[in-house]
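Remarks on the structure that follows.
What you see below is based on every heavy atom in this structure, not just the backbone, and it leaves out hydrogens, waters and symmetry mates.
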Amino acid sequence: MKVVALVSGGKDSCFTIMEVTRFGHEVVALANLLPMEEGVDDLDSWMYQTVGHQVVAALGQCMGLPLYRRCIQGTSKDQGLVYQHDACESDEVEDLSCLLAYCKDRIPGLQAVCSGAIASDYQRTRVENVCARLGLVSLAPLWHQPQSTLLRRMIDGGVEAVLVKVAAAGLSVAQDLGAPLANMEEKLHALRRKFGCNVCGEGGEYETLTLDCPAFTRGRIVLDAWEARVSSADSLAPVAVLHPTAFHVEPKGDAGAAGAACAAAPVVLVPASWRPVGAPATDPVAVAAARDAVHLARDVALAVRCTGGYLALTAHATPPPQGGAAADAAALHACLAAAGAALEARCPGGWSAALYVHLFVPAMASFAAANAVYGAHLPAVAPPARATVQPRGAGLLVEVLARAGAAAAPAPRTLHVQSISPWAPSCIGPYAQAVAHAGLVRFAGQIGLDPGSMGVVRGGLRAQATRCLASCAAVGVAQATRLHAALLCATVFLAEGAGGEGAADPVRVVGDLLAGFLADGRSGWAEDDGTAGGAEGGVGGGPVTGPTAEGGPASAPEGRDGGRLVCASSSSSALVDEAGSMMQTCRASLSEDDEDAGSVPSDAYLEPPQMPRRHWQPLITYITLPQLPRGVLVEIQPTALDSTVLRPEQDSSSSSSCSSGGEEGASTTWARRLENMDLGSGGPSEIPALAASQCMAQGLASPGRMAQWQVWLPAGVPLTRAGAEALATAARDGLRRSTLKEGDLVWARIYAIEVGEAGIWPDVELAGAAVPVIQVARLSLARPSGGRGHALEEAGAVLELWAARGL
């Protein structure tokens, strides 16, 4: 992609340029925001680093690239995490919007923006907001990477920078202001151990100015003279900035040619009065779908269920046969319009109250068109999580779970990262990676995409499944849950033929990987033998064995091995190395045995919450379908406990025995909490087979006053009306065993391999609302087999349901 790089002159933005170039993108211009007044060094901004802005003009000369600049006219008006641009015309973020809009207007084919965000959600979400409005992709290759590793990679990679601001305990104006970054590494790690400082300065501890790096192909910056400007002479944590008074660009290589190139790099100042003309274009696919959906609106079958502070609805339509993507898009528009109207009538905020959306589309060939229509309906800010699959049959089904009424508090915590980075696959559009609400974290369906390239990983089913688990683990940490310890249930979607001809049973392949992950939290992504390497359509390569958050053994602090940091990387495996290295870090953090290893704290954004050992068996359903998004072989959709709502607390009876087994004591307390909610024991409980129906059932009552049940017919038994009623009867029995009733039902669906009678969908009811029947190729369930193990059982039909008491 053609990329404009947001630069401040610091190490992060310059290293980001190196990274996006290594990932195969083309940086075609630089963009920078600076104070209105030349003499102002450190602007009081929540968004922009301006120290050393006098030297930034030289960056374009050093790289031979045009530099677009705009003076910052606004201030930090909207300081919330979620930026609302409609009400903030005078916010400083709108200066960024004008700057990038000007770049897009002047640079043909501009596709993306890169920034050096590492840990600041505040900055990342605002860059993403602007990019979404302008139709640009946000690239953030440093996002949520370990700072120790980043700092070492910058230094080893040839980034020569100096400190131009100090503002942290232990940093000295006399000794550290103007000091080379490479000379500061040991001291920064010492401050991290002593005070918990961020070694990359993410907490504002220091700022840098890059004088040279490999991206500077034409010249390097030489600071001829500077002065220290002290704003606080505090003895513990003084604050001072380096004010450059004289500098020049020293050409590289052929002095004459390089000097001419430096002089030719233009600096373009965006006029203060310039504003983009015209409103953003509407997607023509969405416009056509809205037009074609008019005649389908009356054919949408809508079922609504409202209980326990939740509203669940299903909207079903059948596109005209042979209508292709346009017909599917029109059917989806009709379903979403009907669902939106129902939400508006029953939920404050309409679609903004939605927590999760399931899309069952008739053909994955229509996926791009469906996304365009979906984006026209769903909110861009704090959207619900989503899973999209293709079942058998020609119908289109939309399922929505939302908060309902005043009892819907507290507001959900939405994780929506749209920037492409090695952290986890981005969600470029109105769907979130995960939404936490009322004690549960609901994950979007994760597929086997390499995060850095957004290409499908090579290596087949095993590689894709390990990548899915690695991504789920990273998302879980960001949403304050420890997935392997907090998993309540998961749906594993598999594409038909996922195992390949003559290969092992795909359900067992993924089941074994999932069982291993649940045992110790290790996804296996970075430990694969090469099968998890590379991305189809991206840069190839194998797995990486490199640093963890702390790196190496406990005897080698700061990630060093024999005095050097272990950091494997190569140009041919850049994308996978980044993802593998990051996930190795995450995997190390997830290990239950490493909390006390070393004295250096890991970065907060990589630190999973402390949770007790899981004492229940998660409910796992394996569903084989004709096709999944992007042609992948597996999609994993977990639901887990939210640690911010449910902290393990040890009472006096358990704390005395916890010196060597504290987690077991905490588990006992947690189990007691579950029992106090009158939702059963918190573990799967079987219902004996029913003689009349041959049904089996198992359920899991979870914190947050929510319970899930699975009721199924044995393999080979087709779903008939009698079988559907038998499933419903067993479900009611299961609810009663959890002291719930049919009126507490929130959400229900039936997966079936064979539907014995046509037209069964509108006639299956629970709690007075229709239950959708989704036809699939195969159904497998994980059954408790003693200890923490699972056994697989094949089924002919499965009724899944969630029930809840008022929140």
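Annotation for Trp802 and Leu745: closest pair O-CD1, 3.4 Å, computed over non-hydrogen atoms. Closest approach of Leu781 to Ala795, counting heavy atoms only: CD1-CB, 4.4 Å. Residue Ala424 comes nearest to Ala474 through the heavy atom pair CB-CB, 4.4 Å, listed as atom of the first residue, atom of the second, then distance. When all heavy atoms of Cys468 and Gly448 are compared, the closest pair comes out as SG-N, 3.5 Å. Between Ala363 and Asp328 the shortest heavy-atom distance is CB-OD2, 4.1 Å. Residue Thr314 comes nearest to Pro772 through the heavy atom pair CG2-CG, 4.0 Å, listed as atom of the first residue, atom of the second, then distance.
Counting only distance, with no hydrogens or angles, the side chain of Ser366 and the backbone of Ala369 share no donor-acceptor pair below 3.5 Å. For Gln390 (side chain) and Met364 (main-chain N/O), a donor-acceptor pair under 3.5 Å exists by modelled atom type. Looking only at distances, no side-chain donor or acceptor of Thr481 sits under 3.5 Å from a matching main-chain atom of Ala640. Between the side chain of Trp351 and the backbone N or O of Glu344, no donor-acceptor pair lies under 3.5 Å.
Checked against side-chain contact (heavy atoms from CB on, under 4.5 Å), Arg508 has the following partners two or more places apart in sequence or in another chain: Asp505, Leu792. For Ser352, the side-chain contact (heavy atoms from CB on, under 4.5 Å) test picks out no residue, with sequence neighbours left out. Applying the side-chain contact (heavy atoms from CB on, under 4.5 Å) test to Ala436 and every residue at least two apart in sequence or in another chain returns Arg413, Val441, Gln479, Asp642. Under the side chain to side chain donor-acceptor pair (under 3.5 Å) criterion, Glu800 pairs with Thr621, Arg749, sequence neighbours left out. Partners of Tyr356 according to the side chain to side chain donor-acceptor pair (under 3.5 Å) rule, which considers only residues two or more places apart in sequence or in another chain, are Gln637. By the side chain to side chain donor-acceptor pair (under 3.5 Å) test, His377 is found to be paired with His333, residues two or more places apart in sequence or in another chain being considered. For Glu794, the side chain to side chain donor-acceptor pair (under 3.5 Å) test picks out Arg778, Ser780, with sequence neighbours left out. With sequence neighbours left out, the ring-ring contact (aromatic ring centres under 6.0 Å, His included) criterion links Phe493 to no other residue. The side-chain contact (heavy atoms from CB on, under 4.5 Å) check on Leu461 picks up Leu494, Ala498, Pro506, Val509, Val510, Leu633, Val634, with sequence neighbours excluded. Arg305 is linked by a salt bridge (Lys or Arg N to Asp or Glu O under 4.0 Å) to nothing, counting only residues two or more places apart in sequence or in another chain.
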Check the pair Leu311 / Arg403 against side-chain contact (heavy atoms from CB on, under 4.5 Å), numbers first and verdict last. CA-CA 6 Å; Leu311 181 140; Arg403 301 174 293 138; over 6 Å; no
Test Tyr431 against Leu378 for side-chain contact (heavy atoms from CB on, under 4.5 Å), laying out the working first. CA-CA 8 Å; Tyr431 43 95; Leu378 274 290; over 6 Å; no
Verdict with supporting geometry, Glu635 and Arg386, salt bridge (Lys or Arg N to Asp or Glu O under 4.0 Å): CA-CA 12 Å; Glu635 177 176 337; Arg386 188 185 83 179; over 6 Å; no
With side-chain contact (heavy atoms from CB on, under 4.5 Å) as the criterion, how do Tyr751 and Leu625 come out once you've worked through the C-alpha distance, each side chain's angles and the decisive distance to 0.1 Å? CA-CA 11 Å; Tyr751 293 109; Leu625 298 164; 5.8 Å; no
Evaluation steps, side chain to side chain donor-acceptor pair (under 3.5 Å), between Ser471 and Arg467: CA-CA 6 Å; Ser471 298; Arg467 181 62 254 180; 3.2 Å; yes
Is there a side-chain contact (heavy atoms from CB on, under 4.5 Å) between Leu401 and Arg442 once you walk through the steps? CA-CA 11 Å; Leu401 177 68; Arg442 295 176 175 86; 3.5 Å; yes
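From Leu332, atom CG reaches atom CG of Leu359 across 6.0 Å, with rounding to the nearest 0.5 Å. Remark: Leu727 CG to Leu713 CG distance equals 4.0 Å, nearest 0.5 Å. Here His484 contributes atom NE2 and Leu518 contributes atom CG; the two are 8.5 Å apart, rounded to the nearest 0.5 Å. Atom-to-atom distance recorded for Gln710:CD and Leu799:CG is 9.5 Å, nearest 0.5 angstrom. Here the CG-CG distance, from Leu641 to Leu487, works out to 9.0 Å after rounding to the nearest 0.5 Å. Here CG of Leu355 is found 10.0 Å from CG of Leu440. Values are rounded to the nearest 0.5 Å.
Side-chain contact between Val357 and Tyr374 is present, with at least one heavy-atom pair separated by less than 4.5 Å. Contact annotation: the side chain of Pro718 never approaches that of Val755 to less than 4.5 Å [non-hydrogen atoms, C-beta and beyond]. Side-chain contact check for Gln446 versus Val475: some heavy-atom pair is nearer than 4.5 Å. Annotation: side chain of Ile447 is not in contact with side chain of Pro425 (no heavy-atom distance under 4.5 Å). Counting heavy atoms from C-beta outward, Glu399 and Leu313 have side chains that stay 4.5 Å or more apart. At least one side-chain heavy atom of Cys427 sits under 4.5 Å from a side-chain heavy atom of His416. Side-chain contact between Pro319 and Pro362 is present, with at least one heavy-atom pair separated by less than 4.5 Å. The shortest distance between side-chain heavy atoms of Val398 and His358 does not fall below 4.5 Å.
Listed by first then second residue, pairs satisfying salt bridge (charged side-chain N to carboxylate O under 4.0 Å, His left out) with a partner in residues 487-497 read Arg392-Glu496, not counting sequence neighbours.
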